[in-house]
Amino acid sequence: MKQLPAVHAVLGDDRVARLIAAYGRTETVAAVREALDAFRRQRQGADLSATVEAAAEVLENRHRSKVRRVFNLTGTVLHTNLGRAPLPEEAVVAATAAMTGAIALEFDVERGSRGDRDDLVEEWLCRLTGAEAATVVNNNAAAVLLMLNTLAVGREVVVSRGELVEIGGAFRIPEVMTRAQCRLHEVGTTNRTHLRDFEAAIGPEVAALMKVHTSNYTIVGFTAQPAEADLAALAHRHGLPFLIDLGAGSLVDMERWGLPHEPTPREAVAAGADLVSFSGDKLLGGPQAGIIVGRKDLVAQVKCNPLKRALRMDKVRLAALEAVLRLYADPDRLAERLPTLRLLTRPADEIAAQGQRLLGAVQAALGTRAAVSLEECRSQIGSGALPVDLLPSWAIVLRLPEGGTGRGRRLEDLAAALRSLPEPVIGRIANDALWLDLRCLDDEAGFLAQLGRLA
Ligand SMILES: *Cc1c(COP(=O)(O)O)cnc(C)c1O
């Protein structure tokens, strides 16, 4: 066995005193022991300095925050794996206030009595959607689960075969139905479902008719789905509620900014839907939330479901959501103030100009490792919103020099090098190149500042 210093000798070292000041005694002692154990396992000797350095490395790695800012240059604006919507300043201020002190969360300040946390956002949600009532939960998956479990437990819910969606792996309509303890009654076919299919399905076991927005795919060709207003009328003739899971749920018509139309909760309510659910952190551009709007009596039932408590939203996100909803009161300035909308509406020529500014620096940083060019590309909105509509954008494209073996692996290595920067740069590999879509590049200075490390 090679020579190693004793623990007490290491702890007496001046450099270790600095580690204790930074991380505390317990953590530092544990790290010194870990470092010594590692040397022992590798049958390696180490002097005092090497041991202190190894302990410092253990501590640094363990205490580096796992919440890391990254540059989202994937070309997907609302990227679920990168946290979806960035929040506006107004939401950050509101969330900070809620985090750092007591707030009137479930408290009626005027009367001095108990209140309801939904009151923070209900009035705004009703104004913005035309609904009678609203409630909010953890996310849209929770909202769908809660709607179904409240209105259809032990009974059937009729859904078109063309709308049995899966979102991001874990959210699948048939499985949510099971977990909500109701039975899925599929009607129609994958491509065509008619009003008469729904009508034929209605019987004593049926508790609701439901429409699910096919947010991350489209069925094209010989297709048919009944209109929402017709489904609502059919449901109401039989005394049944008509539910819509809208998915992204933009609160304003995106066509106003030249973006493709995405169905809004206001349209769904106007078409006669009794409850409509949608996400807070997709096109709405707010914090993660599941919003349910609709008929007052049905929202009241939802609020009484014990699951509502299990799925409720916390004060920090509620405060952020309220601040975001208030921005919608002024649609004229929304595209400047709401980051999601600002990124979605960034003009292609502005993105190209940014690319021109960055091109030389990126090429200089990469040297001969890759050829760098500025090329047109298409960004995606993401999060299952508007899957086939792409936004014209520009990307810095990195291509490997011609020839050589293992090109695929070397391209992966290049992507990994960009990800290993202090603020990782996340691009997308396509067509034998690494694409850095600049649409979401806000912090240009920060991006440039760390490029030197690639050399
Ligand atoms: C995104 C989506 C969901 C899930 O919403 P989360 O907020 O991610 O929980 C459910 N249904 C549809 C149609 C969706 O697009």
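Atoms considered below: every heavy atom in the structure, side chains included; atoms not considered: hydrogens, waters and symmetry mates. Just so you know, residue 1 is the first one in the sequence shown, and it goes up from there. The model shown is predicted, which means the values in this text are computed figures rather than measured ones. Indexing begins at 1, ligand by ligand and atom by atom, following the structure's order.
Partner of Leu184 under the side-chain contact (heavy atoms from CB on, under 4.5 Å) criterion, chosen from Leu164, Val176, Thr178: Leu164. Partner of Lys211 under the side chain to side chain donor-acceptor pair (under 3.5 Å) criterion, out of Glu228, Glu163, Gln225: Glu163 alone. For the pairing with Leu243, the side-chain contact (heavy atoms from CB on, under 4.5 Å) check across Val276, Leu275, Leu209 returns one residue only, Leu275.
Residue Ile167 touches ligand 1 through its side chain alone, judged by heavy-atom distances below 4.0 Å. Contact annotation for Glu166 and ligand 1: no heavy atom of the residue comes within less than 4.0 Å of the ligand.
For ligand 1, the polar-atom distance check against Ser215 finds a nitrogen or oxygen pair separated by under 3.5 Å. Considering backbone and side-chain atoms alike, Ala141 places an N or O below 3.5 Å from some N or O of ligand 1.
In this comparison of Gln288, Lys282, His213, Lys211, the heavy atom closest to atom 14 (C) of ligand 1 sits on Lys282.
Tyr23 has its ring centre less than 6.0 Å from the ring centre of His63.
Residue contacts with ligand 1: Asp245 is included, with a non-hydrogen atom under 4.0 Å away. Within the 4.0 Å heavy-atom shell around ligand 1 one does not find Glu163.
Around atom CZ of Arg68, more than 12 heavy atoms belonging to other residues, nucleotides or ligands sit under 6.0 Å away.
The Gly247 neighbourhood of ligand 1 comprises atoms 12 (C), 13 (C), 14 (C), 15 (O), with distances under 4.0 Å to a heavy atom of that residue. Of all atoms in ligand 1, listed by their number and element, those nearer than 4.0 Å to a heavy atom of Ser279 are 5 (O), 6 (P), 7 (O). Atoms of ligand 1 lying under 4.0 Å from at least one heavy atom of Arg84, given by number and element, are 6 (P), 7 (O), 8 (O).
Using modelled atom types and a 3.5 Å distance limit, the side chains of Glu444 and Gln354 yield a donor-acceptor pair. For the residue pair Asp253 / His261, a side-chain donor-acceptor distance below 3.5 Å is found, with atom types taken as modelled.
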